[in-house]
Structure formats: structure tokens, C-alpha cells
Amino acid sequence: MQSFTRRKATCVQYRLVVRDVNTLQILHLYTCLDQISQMEWSSDSLFILCAMYKRGLVQVWSLEQPDWHCKIDEGSAGLVCSRWSPDGRHILNTTEFHLRVTVWSLCTKSVSYIKYPKACQKGVDFSRDGRYMALAERRDCKDYISVFVCEDWQLLRHFETETQDLCGVEWSPNGCVLAIWDTCLESITWSPSSQFLAIGSYDEKVRILNHITWKKITEFEHPASISYSKAVVYKEVEKRPVLGSDDLSIRQQLTMGSALFSTQSKCKCNVSAVNLPSGSVIRGFLDGGSIKRQPDPDRANPKIGISSMAFSPDNRYLATKNDNMPNCVWVWDMQKLRLLAVLEQVAAIRCFLWDPRRPRLALCTGNAKIYLWSPAGCVSVQVPVEGNFQVLSLSWHGSGDSLILLGKEQLCLCYIETEVEVSGATG
């Protein structure tokens with residue numbers, strides 16, 4: 001568990017450790033009252049929130065005044081979610097069974113209560129300027145939206161929606177429009193300019209709406225076969241070291257997961273189709289292709305359709321993931337409204353994120369590598385750490401000059417020196 005600013009904070013059971021991003025030197029060490037379930041920086045990086053859901057507690061630590069701290073106890077109401085408001089001086093706690101949202105002020109020590117929050121995928125969202133909060137509510141078996149002014153938490157608007165089962169709310173980046181979606185079978189993403197609204201659906205398609213008429217301007221499909229004349233397909237190719245057992249000591253054989261014996265991989269462009277394992281995995285055999293997996297409809301909550309989408313910070317590209325093809329990330333050109341590239345990995349993609357400053361995409365698949373794509377090409381980078389380190393998720397620094405890689409029990413802080421070179425430090 002971590003957060004990433006000029007200082008890096010990590011949680012180890014009861015302890016909160018704050019380090020310098022560049023040197024990884026420990027700056028502050030705090031001990032909480034119970035095992036930390038969630039940690040979050042305030043918007044100005046002056047405070048850190050630590051939530052302990054089992055105890056219904058929240059502790060807040062000050063980076064400027066190490067002796068100052070705050071404890072919030074929700075008591076018998078319990079606690080399932082805790083987060084900062086945009087101003088970094090109010091904490092919003094959601095009680096068990098979503099009975100209410102409690103707003104605690106660190107400045108005035110006042111408390112405000114908001115009733116009927118709905119338990120859904122994304123029930124709360126703040127406008128980009130931090131002035132308004134939209135909250136999904138459920139009353140009398142109907143869905144509602146309440147808009148609050150964050151300055152004093154007064155109700156500004158309250159209206160009923162036309163949804164059957166409201167699943168999420170999200171403000172446009174310019175704060176002019178509020179998007180509401182009705183089902184977990186669809187996901188939405190705003191472009192940074194607010195000009196496009198991308199809607200991903202269970203039918204493996206992404207529909208792009210414009211901000212003037214709200215009509216569909218194009219539709220992106222995710223076919224099982226891809227023509228190289230339309231897009232570049234980057235396929236990860238693994239090369240495993242060939243070593244005889246007689247050449248290895250017992251200790252070496254027990255550490256085959258270490259960096260010394262790690263599998264080497266590279267991104268290969270425009271390769272022909274290859275044979276794939278039998279079973280539910282199939283492949284199109286035209287000029288190129290992508291792994292496609294048919295979900296089992298008999299299983300509960302089958303993974304199907306578009307699950308993740310993200311626009312690049314310059315609005316030029318859209319990256320998507322289709323759960324029917326879990327090993328692939330698709331990159332679309334939003335100026336030409338066509339497929340630009342497909343990244344096919346050996347393992348399923350766990351996380352992909354755009355550099356906040358440049359059109360550069362980073363992704364991970366649960367191994368000891370990260371993968372970077374830009375319009376110039378694609379590269380696979382081995383994380384320079386010892387032992388069996390698996391990258392399960394990642395997060396960019398706001399400057400785009402470094403990123404943090406999270407494993408199960410370790411993390412690695414990587415500094416981007418050039419487009420293709422990465423240096424790392426672990427903690």
C-alpha cells in the first residue's frame with residue numbers, strides 16, 4: 001500500500017513509513033492503533049490518512065508538524081471507506097451498510113452527515129476544481145443524485161435519475177457535465193479535454209460520443225484477427241535460458257526465480273500467427289492476430305467485454321482492454337479514429353497507465369518486467385531487483401520522470417532516464 005508524491009509513503013501492518021522519493025531515506029515513521037487497511041495523501045501532501053476498517057478508526061498524520069495527529073472513531077456505525085475531500089482538510093467516511101457519509105473537518109472540528117449513499121461501483125465523484133461533489137443515492141427503491149458544495153457541504157441540487165440500477169457517476173474534466181451510467185456491464189472514460197466520452201461495453205466494443213450532440217461518432221471493435229496493414233502488433237517473445245541440471249547446485253535450483261535465471265523477453269513487431277494452447281483460447285489466422293478467450297457464462301460474474309480504458313494526457317490516444325483478450329492492450333488514434341497498435345503479452349495484463357505528461361503507456365503483467373509503449377515503439381524492461389519480484393500494479397509520478405512498481409511484499413521505484421532506459425531502487 002503506497003502513495004506517490006515528492007515523498008513516498010508505505011504501510012507495513014501497523015506502521016506508516018514516509019520516505020524521500022529520490023533517496024528512499026526514511027523521513028517519518030508513525031505507528032497506528034491497528035493494521036492499516038487504506039492510506040491516502042491529502043491533495044497538498046501535508047497530511048496522510050490511515051484507515052483501519054476493522055476497528056472503525058481513522059488516524060491522520062501531519063508532515064509539517066510531526067507531533068500533531070488526529071483520531072476519528074466511527075464507533076458502532078463501523079467504517080467501509082475513507083477518503084479526502086479535494087481541499088485536503090475534510091475527511092469523508094462511509095459507514096457500514098452505507099447508512100451515511102460522515103464529513104469531518106480538520107479545521108473547525110465540525111461534523112456533517114449525508115444520508116442514503118448508494119453502494120455501487122463509483123458512487124462519489126468530485127469536480128476537477130474541487131467545488132462540487134456528486135453523490136449517488138438510493139431511496140425508496142429509486143436512484144437519485146445529490147450535488148453538494150464542498151465549501152460548506154450544503155445541498156445544491158437533488159434529482160431522480162432514469163436508471164434501473166445506477167452504477168457510477170463521473171464529472172467531465174471541465175466540470176460542466178455529469179455522466180451517470182446504469183450497469184456494471186459498461187464502463188466510461190472522459191477524454192482530458194472533455195470533448196469525448198468513451199463507453200466500453202460487454203459486447204467488446206467502445207463507442208465514442210462527442211460533447212456537442214452526445215451522439216456516437218465512431219465505434220471501436222476488438223476483433224480476433226488483425227490486419228497488419230491497419231495497425232502494428234507488438235508481440236512479447238520469451239527466451240528462456242537453457243541450463244543443464246548438472247551445472248546447477250541445489251541452492252541455484254531452488255532459486256530459479258531469481259534475476260540470474262529470469263526469462264528474457266522482447267517486443268517483436270509484425271510476427272506471423274503461432275500455435276496456441278488448446279482449450280478456451282482461440283486465434284484468428286489472417287495477417288496477424290490476438291488471443292481471444294470466450295468467457296464461461298455458467299460462472300458468476302464472468303469477465304467479458306471492455307473493462308479498462310484510458311486517454312493519453314494530450315487526448316491523442318485511447319488505450320483499452322477487452323477481457324475476452326486479457327493479454328492485449330489496444331491503442332487507438334483519436335485524431336484518425338482508427339486502431340494504431342496492439343500490445344500482445346505472454347501473460348494477462350494487470351494494470352496499464354499513461355504517463356501524466358507524455359503519450360507514453362506503461363503496463364505490467366505480474367512478472368518482473370514493465371512494458372512501455374510510445375508512438376516510437378514498444379520496449380520490455382527487466383526490473384533491476386533481486387529475488388522473485390512480481391509487478392502487480394504501478395503508478396506514475398506527476399512529473400512523468402519516475403514510477404513506482406508494487407509487488408505483493410516489495411516495491412520498486414524506477415526513474416525514467418530515457419525513452420527506453422530504467423534505473424531502479426527497492427524498498
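Owing to the predicted nature of the structure, the values given are computational and were not obtained by experimental measurement. Numbering of residues begins at 1 and proceeds along the displayed sequence. In what follows, every heavy atom counts, from backbone to side chain, and hydrogens, waters and symmetry copies are set aside.
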- Can a donor-acceptor pair be found between the side chains of Glu137 and Ser146 at a distance below 3.5 Å? yes
- Message: Please verify the inter-ring angle class for Trp153 with Phe126; under 30° counts as parallel, over 60° as perpendicular, anything in between as tilted.
- Response: perpendicular
- Message: Could you walk me through whether Arg138 and Asp165 satisfy the salt bridge (Lys or Arg N to Asp or Glu O under 4.0 Å) test, starting with their C-alpha distance in whole Å, then the side-chain angles of each, then the deciding distance to 0.1 Å, before giving a yes or no?
- Response: CA-CA 9 Å; Arg138 187 71 173 179; Asp165 185 13; 5.1 Å; no
- Taking the side chain as every heavy atom from C-beta outward, state whether Tyr132 and Leu156 have any atom pair closer than 4.5 Å. yes
- Return the orientation label for the Trp61 and Tyr30 ring planes: parallel under 30°, perpendicular over 60°, tilted otherwise. parallel
- Item | Parallel, tilted or perpendicular, as decided by the 30° and 60° cut-offs, for the rings of Trp332 and Phe220 | parallel
Show the atom names and distances, to 0.1 Å, of all donor-acceptor pairs under 3.5 Å that link a side chain in residues 48-55 to residues at least two apart or in another chain.
unit_1 : atom_1 : unit_2 : atom_2 : d
Tyr53  : OH     : Gln38  : OE1    : 2.1
Tyr53  : OH     : Ser82  : N      : 3.3
Arg55  : NH1    : Leu33  : O      : 3.4

- Could you pull out the closest heavy-atom pair between Leu372 and Ala362, with the gap in Å? CD2-CB, 3.6 Å
- Please list, chain by chain and in numerical order, all residues satisfying salt bridge (charged side-chain N to carboxylate O under 4.0 Å, His left out) with Lys205, sequence neighbours excluded. Glu219, Glu221
- Task: Ignoring hydrogens and angles, tell me if any N or O in the side chain of Arg131 forms a donor-acceptor pair with the backbone of Gly175 under 3.5 Å.
- Result: no
- Could you tell me which residues satisfy salt bridge (charged side-chain N to carboxylate O under 4.0 Å, His left out) with Glu170, sequence neighbours excluded, listed by chain and number? Lys122
- Geometric class of the Tyr144/His158 ring pair [parallel <30°, tilted 30-60°, perpendicular >60°]: parallel
- Within the side chain of Ser42, is there an N or O that forms a donor-acceptor pair under 3.5 Å with the backbone of Phe47? yes
